[in-house]
Amino acid sequence: MLYNRNILCISGTEWNGNYIKAVVELMKVLSTKNKVLFVENAYTYKDALAGVSDKDKIDFARAFGLKDRIKTIRIDNGGTVHILFPPLVFPINFLPNGALYNNLLKFNAWLLRRSVKKALKRLDMQSELINFTSFNPGMGLMTGRTFNEKTLIYHCYDEIKGAPLWLSKHGLRLEAGFMKMADAVIVTSKGLYDSKKDFCKQCFIVKNAVKADLFKKGFNKTPDHSKKVIGYVGTIDDRSDYDILQHLFTGMPDAEFVFVGRILSDRGEAILRKYPNVRVEGPKMPEQLPPYLRTFSVGIIPFVKDDFTKGIYPMKINEYLAAGLPVVSTAFGDIADFANLIKITDDKETFLQYVQSEITEDTPEKREARLKTAENNTWDQRVEEISAVIEQVEKGLE
């Protein structure tokens with residue numbers, strides 16, 4: 001693992017939340033041997049207005065600079081992370097490309113850059129600095145190479161060109177520029193590697209992992225063949241293949257289907273709630289997930305196959321496996337690593353048959369094998385891989 005380094009993480013997400021985030025898990029592990037400054041995704045003035053009715057969404061005092069912008073937290077593994085809450089910025093994603101958009105982007109970047117520089121100086125993190133910008137190519141492009149960083153890394157865990165319009169509208173162009181600037185790009189899947197490798201200096205794959213110790217709490221060694229509970233943990237959005245799901249609901253009327261996660265699609269939620277054998281549980285904190293997994297007979301990943309999903313390496317595969325569950329998935333992307341452990345098909349009738357057979361043919365031995373695989377895919381292991389990549393990149397820069 002990297003040791004005694006200063007790591008600046010300019011993130012496209014927030015530290016907290018009701019779902020597990022790859023970059024947060026990586027920074028938690030890295031913080032045990034290094035000093036980490038995690039920069040939250042800057043809220044806009046529009047976000048602040050929306051937050052008036054949802055005060056948990058925004059830390060107003062820090063967002064407006066009325067309280068110390070840096071919050072230092074201790075991690076369970078003994079590490080320490082400094083979290084920076086940058087100033088509010090102008091909402092610009094809705095604007096067309098042009099002078100107004102570009103000038104406001106530069107102003108937003110100036111606000112962020114000024115805040116980060118003050119934090120780095122205060123924390124004595126200005127030397128041996130690694131700038132690890134995670135899925136925030138706009139700010140990466142506008143602020144990269146301005147912190148006297150030794151190494152500039154772009155961490156990409158989703159496909160921008162297949163993302164929602166608000167992100168892809170400018171994101172694809174900004175990402176192209178940032179990839180040329182970065183010393184290396186680290187992606188989380190073979191699909192993303194194929195998409196990015198020709199547009200950057202170097203590209204490496206470091207896949208997502210699992211909080212094995214957490215999800216093992218949902219492990220049942222002996223399957224209960226007297227029940228049929230088909231579970232899905234993850235976001236309910238337009239990535240799901242609702243034709244396959246509806247075929248399952250009607251083809252297994254005696255089974256219970258449980259969906260746990262954020263709801264980002266009104267259409268998807270409406271479809272799920274039509275069926276009496278479907279439970280929509282909504283978002284849960286990661287610590288609340290193992291009790292659900294203990295009740296599942298099988299975990300499903302019914303994603304459509306498109307430009308967005310082909311770049312996904314879903315954490316839920318390893319989460320299901322850590323709980324010992326059989327898994328049935330569509331062939332949405334490169335999940336060949338699991339071909340011998342899970343069932344994969346895009347045909348809705350075959351998907352139904354796989355779900356049924358995986359439940360009836362499950363055994364304690366199969367469950368132990370799944371758990372063992374998940375235990376080899378931990379965030380500690382992924383940090384070792386990322387550390388090796390960064391050290392390789394830095395050797396090439398000498």
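Legend: residues meeting side-chain hydrogen bond (donor to acceptor under 3.5 Å, both in side chains) with Arg122, ordered by chain and number and at least two apart, are Asp68. Listed by chain and number, the residues in a side-chain contact (heavy atoms from CB on, under 4.5 Å) with Asp254 are Lys228, Met252 (sequence neighbours excluded). With sequence neighbours left out, the ring-ring contact (aromatic ring centres under 6.0 Å, His included) criterion links Tyr292 to no other residue. For Phe64, the ring-ring contact (aromatic ring centres under 6.0 Å, His included) test picks out no residue, with sequence neighbours left out. Applying the side-chain contact (heavy atoms from CB on, under 4.5 Å) test to Leu264 and every residue at least two apart in sequence or in another chain returns Thr235, Asp237, Arg262. Among residues two or more places apart in sequence or in another chain, the salt bridge (charged side-chain N to carboxylate O under 4.0 Å, His left out) test is passed with Asp347 by none. Applying the side-chain contact (heavy atoms from CB on, under 4.5 Å) criterion to Asp183, with sequence neighbours excluded, gives Arg145, Thr151, Leu152, Lys201, Val393, Leu397. In terms of the ring-ring contact (aromatic ring centres under 6.0 Å, His included) criterion, Phe85 has no residue partners (sequence neighbours excluded).
A salt bridge does not link Lys71 to Glu40: none of the charged nitrogens lies less than 4.0 Å from a carboxylate oxygen. With respect to the salt-bridge test (charged N to carboxylate O, under 4.0 angstrom), the residues Glu269 and Arg273 qualify. Between Glu175 and Arg173, none of the side-chain N atoms (NZ, or NE/NH1/NH2) sits under 4.0 Å from a carboxylate O, so this pair counts as no salt bridge. Arg5 and Glu391 are not joined by a salt bridge, as no carboxylate oxygen comes within less than 4.0 angstrom of a charged side-chain nitrogen.
Screening residues 194-237 for ring pair (Phe, Tyr, Trp, His ring centres under 6.0 Å) gives Tyr232-Phe259 as the qualifying pairs, with residues at least two apart or on separate chains. Sorted by first then second residue, the ring pair (Phe, Tyr, Trp, His ring centres under 6.0 Å) pairs that include residues 107-154, not counting sequence neighbours, are Phe90-Phe107, Phe107-Trp110, Phe132-His155, Phe135-Tyr157, Tyr154-Phe178. Pairs passing the side chain to side chain donor-acceptor pair (under 3.5 Å) check and including a residue from residues 374-385, sequence neighbours excluded, read Lys216-Glu375, Asn318-Asn377, Asn377-Arg382, Gln381-Glu385, Arg382-Glu385.
The nearest pair of heavy atoms linking Lys190 to Ile205 is CA-CD1, 4.0 Å. In this structure, Ala331 and Lys305 approach most closely via the heavy-atom pair O-CE, 2.8 Å. For the residue pair Ile75 and Ser31, the shortest heavy atom distance occurs at CG1-OG, 4.0 Å. Taking all atoms of both residues into account, the shortest heavy-atom contact from Lys169 to Asn93 is CD-O, 3.5 Å. The two residues Thr188 and Gly311 have their closest heavy-atom pair at OG1-O, 4.4 Å. Of all heavy-atom pairs between Pro86 and Leu84, the closest is CD-O, 3.2 Å.
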Full working for side-chain hydrogen bond (donor to acceptor under 3.5 Å, both in side chains) between Ser265 and Asp238: CA-CA 6 Å; Ser265 169; Asp238 293 333; 3.2 Å; yes

Side chain to side chain contact (heavy atoms under 4.5 Å, CB included) between Val327 and Val298, worked out: CA-CA 6 Å; Val327 181; Val298 62; 5.9 Å; no

Verdict with supporting geometry, Arg74 and Thr80, side-chain hydrogen bond (donor to acceptor under 3.5 Å, both in side chains): CA-CA 5 Å; Arg74 292 282 293 176; Thr80 299; 2.9 Å; yes

Intermediate values then yes/no, side chain to side chain contact (heavy atoms under 4.5 Å, CB included), Val304 and Phe332: CA-CA 6 Å; Val304 296; Phe332 59 88; over 6 Å; no

CA sep, side-chain torsions, deciding dist, call: Glu319, Lys316, salt bridge (Lys or Arg N to Asp or Glu O under 4.0 Å): CA-CA 5 Å; Glu319 292 168 358; Lys316 62 178 61 63; over 6 Å; no

Test side-chain hydrogen bond (donor to acceptor under 3.5 Å, both in side chains) applied to Thr133 and Asn136, step by step: CA-CA 6 Å; Thr133 297; Asn136 196 343; over 6 Å; no

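For Lys180, the NZ atom counts as loosely surrounded, since its 6.0 Å shell holds 12 or fewer non-hydrogen atoms of other residues, nucleotides or ligands. The environment of Asp198 atom CG is dense: over 12 non-hydrogen atoms of other residues, nucleotides or ligands sit within 6.0 angstrom. Few gaps surround NZ on Lys284; more than 12 heavy atoms of other groups in view lie less than 6.0 Å from it. No more than 12 heavy-atom neighbours from other residues, nucleotides or ligands sit within 6.0 angstrom of CG on Asn148. Lys207 NZ: more than 12 foreign heavy atoms inside a 6.0 Å radius.
A continuous path of hydrophobic side-chain contacts links Val210 to Met315 [ILVMFWY only; heavy atoms under 4.5 Å].
Not one N or O on the side chain of Arg69 forms a donor-acceptor pair closer than 3.5 Å with the backbone of Ser115. Ser387 places no side-chain N or O within donor-acceptor distance of the main-chain N or O of Met1, the cut-off being under 3.5 Å. Between the Arg367 side chain and the Pro326 main chain, no donor and acceptor come within less than 3.5 Å of each other. Side chain of Asn220 to main chain of Arg294: a donor-acceptor pair is present (N/O by atom type, distance under 3.5 Å, no hydrogens or angles). Remark: side-chain polar atoms of Asn131 are not paired, donor with acceptor, to backbone N or O of Gly144 under 3.5 angstrom. Between the side chain of Tyr43 and the backbone N or O of Ala63, no donor-acceptor pair lies under 3.5 Å. At least one donor-acceptor pair under 3.5 Å links the side chain of Thr373 to the backbone N or O of Ala369. Remark: the backbone N or O of Phe249 is paired with a side-chain donor or acceptor of Asn277 at under 3.5 angstrom. Looking only at distances, a side-chain donor or acceptor of Ser189 sits under 3.5 Å from a matching main-chain atom of Leu192. A distance-only check finds a donor-acceptor pair linking the side chain of Thr250 to the backbone of Gln246 [under 3.5 Å].
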Contacts table for residues 6-15: side-chain donor-acceptor under 3.5 angstrom, sequence neighbours left out:
unit_1: Asn6; atom_1: ND2; unit_2: Ser127; atom_2: O; d: 2.6
unit_1: Ser11; atom_1: OG; unit_2: Thr13; atom_2: N; d: 2.9
unit_1: Ser11; atom_1: OG; unit_2: Thr13; atom_2: O; d: 3.3
unit_1: Thr13; atom_1: OG1; unit_2: Lys21; atom_2: NZ; d: 3.4

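Side-chain atoms of Thr350 and Lys343, non-hydrogen and from C-beta on, never get closer than 4.5 Å to each other. At a threshold of 4.5 Å between non-hydrogen side-chain atoms, the residues Ile317 and Ser329 do not count as touching.
Atom CG of Leu105 is separated from atom CD1 of Ile92 by 4.5 Å, given to the nearest 0.5 angstrom.
Tested against Glu159 for a salt bridge (charged side-chain N to carboxylate O under 4.0 Å, His left out), the candidates Lys196, Lys310, Arg239 yield a single pass: Lys196.
With ring centers used as reference points, His170 lies under 6.0 Å from Tyr101.
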